Amino acid sequence: MKTILIFDHPYTLAASHNQPHFRSYSAAVAQKVIDHLHQKNINVDIIDLHQDKFDPVMHAEDLNNWRTKRSLNSQVDHYFNQLLQADQIIFVFPIWWELMPAMTKGFIDKVLSKNRLQSSNPRVVLPKNPKITILTIAGTPTFLYKVKYGNPVLKALYRGTFKKIGLKNVHWHNFNAEDESANKRAADLEHISKFL
C-alpha cells in the first residue's frame, strides 16, 4: 500500500518535537501518522510543502499552461506522479480563519489541474481511486465549525474537489488542540490510528 502525506505548516515537519518557540501540533499529528504507518510497514511519501518551497500562486503563465493542458512545472509534475501511485492520500494542515492555508489550496489548484484530464471521464485523474484522509487542527471547536461555519474545508475539498474527480472515499477529522489539555492532545497523538 502506497501512502502520500501532504503536510502544510510554515514550521515544516521539523516542528513536531514540541520545542519551545518552534512547535506545531499539526507537525506532531503528521509525524505520528508517519510513525504509525511505518510501524505497519506502509510506504509513505512525504510532501512537506514549505520544506519543498512550493509556490502556491497560480501565475499568469501557470494559468495559460493550465488552460492549454501543458505542464506547469517539474515540481508539480513530480507531485502529480506521486499521487498517481497512491492508494491513500493524507492531508495534514491547520485551519486558519476557517479555511485551509494557501499552500494546500495552491497544491489542489496546480497539481489537480485541468491539464491532467486526458478524456471526458474525470476518473482518469487518479485511477487508483485512493482513500483521502484530511486531518485538520483548528482553534474553533469542531461542533461550531460544522454548525456555525458550515464546515468550509470539507465542503471545498470533498464536494468541490475530490467528488468532482470521482474520489468519494474521503474522511475528515479535526483536532481542537487549543481547547484541549496537554494530556488530551498527547492521548490523541497516541491513538492516531483511529483517525486514519
Side-chain angles (χ1 to χ4, degrees), residues 3-18 22-40 42 44-51 54 56 83 86-109 111-112 126 130-165 167-196:
T3 296
I4 309 295
L5 185 138
I6 300 151
F7 179 64
D8 183 357
H9 192 282
Y11 287 168
T12 74
L13 272 173
S16 64
H17 304 297
N18 203 21
F22 187 71
R23 60 183 167 202
S24 159
Y25 194 72
S26 299
V29 167
Q31 189 60 58
K32 278 294 186 180
V33 168
I34 293 164
D35 294 345
H36 170 75
L37 294 173
H38 282 165
Q39 288 172 359
K40 298 276 190 186
I42 296 173
V44 184
D45 284 350
I46 300 163
I47 297 174
D48 188 335
L49 295 171
H50 287 268
Q51 180 70 34
F54 173 68
L83 295 184
D87 299 292
Q88 178 175 219
I89 300 169
I90 301 171
F91 288 85
V92 181
F93 56 84
I95 292 178
W96 293 335
W97 293 109
E98 316 313 333
L99 300 170
M100 70 190 81
M103 286 279 202
T104 301
K105 180 63 167 70
F107 181 90
I108 297 295
D109 290 344
V111 178
L112 297 177
L126 296 178
K131 174 185 175 184
I132 310 288
T133 301
I134 304 160
L135 301 176
T136 57
I137 296 81
T140 301
T142 303
F143 175 77
L144 283 179
Y145 189 71
K146 290 177 179 178
V147 173
K148 184 174 182 178
Y149 299 105
N151 201 342
V153 162
L154 192 61
K155 283 182 180 176
L157 288 176
Y158 176 62
R159 292 185 195 171
T161 303
F162 300 126
K163 192 173 178 184
K164 285 182 178 179
I165 60 173
L167 303 177
K168 297 178 183 176
N169 189 6
V170 177
H171 306 272
W172 171 71
H173 179 76
N174 184 54
F175 297 88
N176 288 125
E178 291 180 21
D179 296 330
E180 294 177 344
S181 68
N183 288 341
K184 176 67 167 71
R185 291 194 300 269
D188 281 348
L189 292 177
E190 288 307 311
H191 299 95
I192 202 79
S193 61
K194 70 182 179 180
F195 308 120
L196 297 177

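Keep in mind that what you see is a predicted model, and the values were worked out from it rather than measured.
Other residues, nucleotides and ligands contribute more than 12 heavy atoms inside 6.0 Å of the NZ atom of K131. Residue H171 qualifies as enclosed at atom NE2: its count of foreign heavy atoms under 6.0 Å is above 12.
Closest approach of L167 and P130 over heavy atoms only: CD2-CD, 3.7 Å. Residues Y25 and D188 approach most closely at OH-CB, 3.6 Å, considering heavy atoms. The shortest heavy-atom contact between A138 and N176 is O-ND2, 3.3 Å. Nearest approach of T140 to N174, heavy atoms of both residues: O-ND2, 3.9 Å. Taking both residues in full, the closest heavy atoms of A27 and S16 are given as O-CB, 3.4 Å, listed atom of the first, atom of the second, then distance. Taking each heavy atom of F7 and A30 in turn, the nearest pair found is CD1-CB, 3.7 Å.
Put simply, OG1 on T161 and NZ on K155 are 14.0 Å apart, with the number rounded to the nearest 0.5 Å. To the nearest 0.5 angstrom, N151 atom CG is 10.0 Å from E98 atom CD.
When each of I4, I132, L135 is paired with F91, the side chain to side chain contact (heavy atoms under 4.5 Å, CB included) condition holds for I132 and for no other. With T3 as the partner, the side chain to side chain contact (heavy atoms under 4.5 Å, CB included) test is satisfied by one option alone out of I34, I42, D45: I42.
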> How far apart are the C-alpha atoms of I47 and L5, what are their side-chain angles, what is the distance that settles it, and do they pass the side chain to side chain contact (heavy atoms under 4.5 Å, CB included) test?
Replying inline: CA-CA 6 Å; I47 297 174; L5 185 138; over 6 Å; no
>> Please evaluate residues L157 and M100 with respect to the criterion side chain to side chain contact (heavy atoms under 4.5 Å, CB included), reporting the C-alpha separation (whole Å), side-chain torsions for both, the decisive distance (0.1 Å), and the verdict.
In response: CA-CA 10 Å; L157 288 176; M100 70 190 81; 3.9 Å; yes
> Could you go step by step and tell me if K32 and E190 meet the side chain to side chain contact (heavy atoms under 4.5 Å, CB included) rule?
Replying inline: CA-CA 8 Å; K32 278 294 186 180; E190 288 307 311; 3.0 Å; yes
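Y11 places no side-chain N or O within donor-acceptor distance of the main-chain N or O of S26, the cut-off being under 3.5 Å.
Using a 4.5 Å heavy-atom cutoff, the side chains of Y145 and V153 are in contact. Proximity of F175 to F195: side-chain heavy atoms (C-beta onward) are separated by under 4.5 Å at one or more points. You'll find the side chain of T136 reaches within 4.5 Å of the side chain of F93, heavy atoms only. Side-chain contact between F107 and D8 is absent, with no heavy-atom pair separated by less than 4.5 Å. The shortest side-chain heavy-atom distance between D109 and P56 does not fall under the 4.5 Å cut-off. Between F162 and I108 the shortest side-chain heavy-atom distance falls below 4.5 Å. Contact of the I6 side chain with the T104 side chain is not registered, since no non-hydrogen atoms from C-beta on lie closer than 4.5 Å. Between T133 and Q88 there is a side-chain heavy-atom pair separated by less than 4.5 Å.
Under 3.5 Å, the side chains of Q31 and D35 contain a donor-acceptor pair of N or O atoms.
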